[in-house]
Amino acid sequence: MHIMPHTALQLRGENRCIRMNCSWWIGLLIFAAVSVSALDVQQVKWGFDGQVVPGRFNLLSVLVANPDTAPFDGSVNFYKSRGLAERVGAIYKTPCYLSPLTTRWLQFYVYIDNQYDQWRVEWGRGPDDHYDIQAPKWGPPAQVLLSDSETPLGTISAFKQFPDELFPPTVAATGGLDSLLLDHAPHWEPMKRQAFLDWLRVGGKVHLLMGADGRYPVFSDELNVLNSSLERVRIGAGVVVRHAATARDIQMRDVQEGEVPPRQFKPGELPAQTADSFFRALTQLSQRRYNWATIYILAIAYAALVGPVNLRAGRKLADYRLRIALLLATVAGFAFLFDAVGRRGQGETSVIHSLSYARAIDGDTYDVMQWVNVFAVRGAHYKITHAAPHNLYATGQDYEPVNGLIESGKDGRFVVDIPMFSRRAFLHEGEMKGANIPVKIVSWEGTGTLKHLVLTVSPDFTKQILEGWAVQGDQIYAMKFTKDELEFGDSDKQSLETFVSEFGSQQFQVAFGPPRGNAVTDVEGQFRKCVKPLIAWSLGAVDFTKLNTSSPAANGRVQLFLFARSPESFCITGSELGHEVGYVLYHFDLFKPETAE
């Protein structure tokens, strides 16, 4: 009998252990891959009514299921593409844990500015680890019936229905919502209750309906402000209306009575791309500035030194190696000089420029939409965040992929790679703290149409105001300073249509690709050019040159716009990107004292 040596037995045992370990790791990796990729997309909801509002952040709700017996613990990514391009803009990312055989709603906050985008959800790298989402239809802000998620059977109604469990936890995500019909008290956590009230205070409309028992819903906690017995009550800039009708009986005409008809998009209609327009204005403030005189002098000197001067000097050197060294030193020296001069930009200083629109909610709280342009002199992955409970971010870029991740929502952030001496533009929206601006009405003259309006704000803030306007119906009034008061009168009145068309497309136009032209040195002047387009955008204009539709008749409501420098609280927090220069357009709603409800 042949006896195998002890060392051979030991080696065979070690090989067997190695094979067993490899098999175990391969099995584990296969199991992990299966557990990560086992997701199914069961339902997709765009916005509040299946449509989106361009130029705003919109909801995207995705119901995912885990049909596997292993839990899913990973991230779900969402991005857009254009034509044959693999991806455009940054990637939206959200963490997801899903137990076996369960479902869960995921929500993304997506900025929409183009009808040609294609959308995809991914949760792995396998060929089946993605789901292509149909492009959404454009429409006006939604008028929907809030349905009870705990009731399995939906209510028959003339209105589209939106589940109460999907209502967003921040007012920043409600830009696509116009009116909400309620026939029950939703079971919301505090964040959603606050988001609902904030949306109402910035101009939302709530229509209370009777339930199947013939009674109006009774609200508790923060929502008890809806329990008024009055037929119509105003809360902030919003309104709550009671209807003696159920969800089955209420009709569109009952809700839209006395209101501006909602904007309808025609097939092929292409509104102005808001983000790209504002970004072009901001990027002109941080154009790379080259010292062309120095570059030309260096080019001439290089041509002379590397050619005849180097040749003449080389003839005086007997050793050929010294001639080669002289040539290489000349080339290296000028390469360094061209690199140093060519990379100079923005005075070698990182800088941030931001344009903000702040809709007053209550006191010092605002719903702030921002267009931000960053110029960085040092290449790095930057973490961008703002002082808001929930941050929504988007790149707003339609012509290139962006090496960045967007994690919107609670403690949201934007992590992006910005190369050295380059720019990155992005959008941000969030509920933010700012200055408490006590706007007080001193006098209001005019029955129906405004004749004369005098306001006061705090003396400190009065000094910060650069421009101001008051809008009533389809008329706009320019502001005058009189001592410590803000005055608006007939002598400075013009139609809104004339006002928004004054700047026209020649001064503020949409264009694609990187900006061209000389840098702008008048920073405040450049921001002032953005004010009128920003007012037009806030009033729902089709583009920057004409309004969406006829404004309502003159009434006891005035919209006040004040343009000033941005407060520090609106800036990027803990920024490594240098000093931020920002301007903000504040938007307040005022009501004639005897007409306020």
Side-chain angles (χ1 to χ4, degrees), residues 48 53 56-57 59 141-144 146 162 164 167-182 185-186 188-208 217 219-228 230-242 255 259-260 356-369 388-390 392 429-441 455 457 470-471 538-540 552 555-562 569-570 584-593 595-597:
F48 291 88
V53 180
R56 301 292 191 276
F57 279 96
L59 279 177
Q143 298 175 331
V144 294
L146 193 71
F162 182 76
D164 55 9
F167 194 86
T170 172
V171 66
T174 60
L177 181 61
D178 175 76
S179 303
L180 204 58
L181 284 72
L182 281 175
W188 283 333
E189 56 268 30
M191 278 193 305
K192 291 191 176 183
R193 294 198 297 266
Q194 189 60 51
F196 169 81
L197 290 177
D198 291 341
W199 163 78
L200 179 59
R201 290 190 178 104
V202 297
K205 307 179 189 74
V206 174
H207 298 270
L208 295 181
F219 302 89
S220 59
D221 300 313
E222 302 95 326
L223 301 185
N224 59 12
V225 296
L226 304 178
N227 291 330
S228 173
L230 297 176
E231 181 180 338
R232 187 181 183 92
V233 61
R234 188 170 299 285
I235 300 177
V239 65
V240 179
V241 183
R242 286 179 175 254
V255 171
E259 300 289 343
V260 179
S356 303
Y357 165 78
R359 184 71 184 265
I361 297 176
D362 187 26
D364 62 349
T365 307
Y366 301 86
D367 179 13
V368 182
M369 180 78 164
H390 295 77
L392 312 186
E429 187 169 2
E431 178 187 321
M432 307 181 77
K433 295 291 184 179
N436 190 348
I437 306 172
V439 181
K440 295 182 180 180
I441 300 173
L455 308 173
V457 294
V471 174
S538 70
L539 296 175
N555 51 35
R557 178 194 179 198
V558 163
Q559 299 181 71
L560 176 65
F561 294 92
L562 299 176
S569 56
F570 288 1
V584 57
L585 180 69
Y586 291 100
H587 186 177
F588 302 89
D589 289 271
L590 307 178
F591 298 91
K592 197 171 183 178
T595 63
E597 301 177 35

For the residue pair [X] and [Y], establish whether any side-chain heavy-atom pair is separated by less than 4.5 Å.
| X | Y | result |
| --- | --- | --- |
| H207 | L182 | no |
| V171 | F196 | no |
| Q143 | L180 | no |
| P389 | T170 | no |
| R232 | V239 | yes |
| L585 | L562 | no |
| R201 | I235 | yes |
| V241 | L208 | no |

Heavy atoms only: give me the nearest [X]-[Y] pair and the separation to one decimal.
| X | Y | value |
| --- | --- | --- |
| A173 | P168 | CB-CB, 3.7 Å |
| M432 | A388 | CG-CB, 4.1 Å |
| P217 | A185 | CB-N, 3.9 Å |
| S356 | V368 | CB-CG1, 4.1 Å |
| F219 | P186 | CE2-CD, 4.0 Å |
| V202 | A360 | CG1-O, 3.7 Å |

Between [X] and [Y] (salt bridge meaning N to carboxylate O under 4.0 Å), is one present in this structure?
| X | Y | result |
| --- | --- | --- |
| R193 | E222 | yes |
| D164 | K192 | no |
| D367 | R359 | no |

Exercise for the section: Apply side-chain contact (heavy atoms from CB on, under 4.5 Å) to F588 and I437, showing your working. Expected result: CA-CA 10 Å; F588 302 89; I437 306 172; 3.8 Å; yes

Roughly how far, to the nearest 0.5 Å, is the [atom2] atom of [Y] from the [atom1] atom of [X]?
| X | Y | atom1 | atom2 | result |
| --- | --- | --- | --- | --- |
| W199 | K205 | CH2 | NZ | 8.0 Å |
| L146 | L181 | CG | CG | 9.5 Å |
| L177 | L200 | CG | CG | 10.5 Å |
| T365 | D198 | OG1 | CG | 7.0 Å |
| L560 | R557 | CG | CZ | 12.0 Å |
| L223 | Q194 | CG | CD | 9.5 Å |

Problem - Residues that Y357 engages under ring pair (Phe, Tyr, Trp, His ring centres under 6.0 Å), provided they are two or more places apart - result: W537, H587

Handout entry: Worked check of side-chain contact (heavy atoms from CB on, under 4.5 Å) between K440 and V457
Key = CA-CA 6 Å; K440 295 182 180 180; V457 294; over 6 Å; no

Exercise for the section: Take F167 and T174 through the test side-chain contact (heavy atoms from CB on, under 4.5 Å) and record every step on the way to the result. Expected result: CA-CA 9 Å; F167 194 86; T174 60; 4.2 Å; yes

Practice task
Go through the steps for Y586 and Y366 under the test ring pair (Phe, Tyr, Trp, His ring centres under 6.0 Å), then give the verdict.
Solution key: CA-CA 9 Å; Y586 291 100; Y366 301 86; 5.5 Å; yes

Problem - Whether R242 side chain and S228 backbone form a donor-acceptor pair below 3.5 Å - result: yes

